[in-house]
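The shown structure was predicted, so the numbers you read here are calculated from the model rather than taken from an experiment.
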Amino acid sequence: MVNSIEHKVKLHNGVEIPQLGIGVFKVEDGDTVIHTVKTALDLGYRSIDTAAIYKNEEGVGKAIKESAVSRESLFITTKVWNEEQGYDSTLRAFETSLKKLDLDYLDLYLIHWPGKDKYVETWKAFERLYDEGVVKAIGVSNFQEHHLDHLLASAKEKPTVNQIELHPRLSQEKLREYCQKKDIKIEAWSPIAKGRLINEPTLNYIAKKHDKTPVQVILRWHLQNGHIIIPKSIHPERIKENAEIFDFQLSLVEMDQIDRLNMNERLGSNPDEVIF
């Protein structure tokens with residue numbers, strides 16, 4: 001049973017990532033993101049997920065510096081944006097992100113979207129960064145099976161993580177099974193479906209039985225499925241609530257009831273339609 005915010009998932013290269021982290025998508029740079037990250041760290045979170053396109057890497061870096069938590073205890077993820085893909089431009093983008101974060105290394109670097117064809121060259125740059133030790137793990141985001149097949153055909157290192165849109169309305173079972181066979185861990189973005197399921201009857205029924213909220217039930221469903229999760233909030237009470245998911249367990253029947261909520265419904269973009 002996953003029973004602590006300190007619980008970690010081991011990636012195939014031996015690196016361990018906290019199963020629960022906080023995402024900062026659309027969190028304004030400056031005081032807002034600094035306060036958000038410091039609040040999370042004070043509550044025991046140790047994993048922070050940002051991206052170049054979020055334009056808040058500087059604030060995340062300042063929050064880390066101002067925190068009493070040691071760098072070695074943290075797990076920091078960022079992502080290369082679409083327009084920066086390609087071998088040389090990825091290396092430059094990495095240096096820019098590292099400088100903004102004011103860090104010596106990254107724990108995880110992700111390709112944000114596969115796009116059409118540049119990701120193979122981007123991955124070669126990722127492999128170089130990994131070989132040089134300035135990134136502890138490399139992975140991808142929003143990759144479908146066919147993208148991964150194409151990447152793996154020429155890769156020296158396979159991705160450790162595939163970060164995808166994943167929630168009860170979009171369970172992506174085939175992709176999850178594929179990644180499990182390849183020993184690529186699944187990380188869920190938009191894990192609570194942007195709060196759109198708070199009135200869903202099944203989730204409310206299960207939540208009432210456990211004296212929890214529907215959001216906490218969804219997050220627990222993710223944990224028990226082995227997903228790495230990065231729910232986003234700027235509200236201290238919500239950040240705290242999202243971490244209060246380690247003192248109960250869903251039954252197999254309840255897990256199945258949540259599985260049945262799938263409608264293959266995307267809230268974000270379809271990776272096959274994000275072409276650049």
Side-chain angles (χ1 to χ4, degrees), residues 2 9 19-27 47 49 51 53-54 77 79 110 112-114 139-148 161-181 184-235 238-239 241-246 248-274:
V2 182
V9 172
Q19 194 171 359
L20 173 66
I22 187 165
V24 294
F25 174 58
K26 287 189 175 179
V27 179
S47 176
D49 179 276
I53 195 63
Y54 300 171
T77 301
K79 312 174 192 75
L110 302 178
H112 209 145
W113 292 88
V140 296
S141 182
N142 300 300
F143 274 50
Q144 309 274 57
E145 293 101 316
H146 66 93
H147 299 123
L148 289 164
V161 167
N162 186 15
Q163 186 184 113
I164 59 174
E165 181 182 351
L166 179 58
H167 45 75
R169 288 286 192 228
L170 182 70
S171 60
Q172 303 228 53
E173 285 190 25
K174 279 184 64 180
L175 180 54
R176 285 160 54 197
E177 289 173 4
Y178 173 100
C179 287
Q180 185 174 16
K181 288 177 183 175
I184 299 169
K185 296 300 182 187
I186 290 291
E187 185 170 27
W189 64 259
S190 196
I192 58 176
K194 300 181 180 178
R196 297 188 186 187
L197 300 178
I198 58 173
N199 295 317
E200 204 290 320
T202 298
L203 292 171
N204 275 272
Y205 173 73
I206 295 171
K208 189 173 289 187
K209 286 204 303 184
H210 292 279
D211 194 24
K212 292 290 179 179
T213 68
V215 165
Q216 288 171 323
V217 166
I218 294 171
L219 293 176
R220 186 70 209 182
W221 172 80
H222 281 292
L223 289 185
Q224 290 181 215
N225 273 313
H227 309 152
I228 301 159
I229 48 175
I230 46 170
K232 169 238 170 170
S233 179
I234 61 171
H235 305 290
R238 291 281 168 77
I239 297 171
E241 178 186 300
N242 290 345
E244 293 173 340
I245 54 174
F246 299 100
F248 75 109
Q249 182 144 358
L250 300 172
S251 69
L252 291 176
V253 170
E254 290 167 338
M255 291 289 288
D256 182 64
Q257 287 172 330
I258 298 170
D259 289 342
R260 292 171 185 271
L261 298 176
N262 178 55
M263 297 175 66
N264 297 320
E265 181 180 283
R266 290 188 184 275
L267 300 178
S269 300
N270 185 325
D272 288 326
E273 297 171 1
V274 181

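Among residues two or more places apart in sequence or in another chain, the salt bridge (Lys or Arg N to Asp or Glu O under 4.0 Å) test is passed with Asp211 by none. Residues that satisfy the side-chain hydrogen bond (donor to acceptor under 3.5 Å, both in side chains) test with Lys79, not counting sequence neighbours, are Asp49, Tyr54.
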Problem set entry | Stepwise side chain to side chain contact (heavy atoms under 4.5 Å, CB included) check, Ile258 with Ile218 | CA-CA 8 Å; Ile258 298 170; Ile218 294 171; 5.8 Å; no
For this session: Give the intermediate values and the outcome of side-chain hydrogen bond (donor to acceptor under 3.5 Å, both in side chains) for residues His146 and Asp272.
Result: CA-CA 10 Å; His146 66 93; Asp272 288 326; 2.7 Å; yes
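Considering CD1 of Ile228 and CG of Leu223, their distance stands at 11.0 Å, rounded to 0.5 Å.
The two residues Gln163 and Ser141 come nearest to each other via the heavy atoms O-OG, 3.0 Å. The heavy-atom pair separating Ser269 from Val274 by the smallest distance is CB-CG2, 3.6 Å. The nearest pair of heavy atoms linking Ile164 to Phe143 is CG2-O, 4.3 Å. The minimum heavy-atom distance between His167 and Ser190, with the atom names listed, is CD2-O, 3.4 Å. Closest of all the heavy-atom pairs between Leu170 and Asn262 is CA-OD1, 3.4 Å.
By the 30° and 60° cut-offs, the orientation of the rings of Trp113 relative to Trp189 is perpendicular.
Within the 4.5 Å cutoff, the side chain of Leu250 has heavy atoms near those of the Val217 side chain.
Residue pairs meeting the side-chain hydrogen bond (donor to acceptor under 3.5 Å, both in side chains) criterion with at least one member in residues 214-223, sequence neighbours excluded, are Thr213-Gln216, Arg220-Gln224, Trp221-Asp259, His222-His227.
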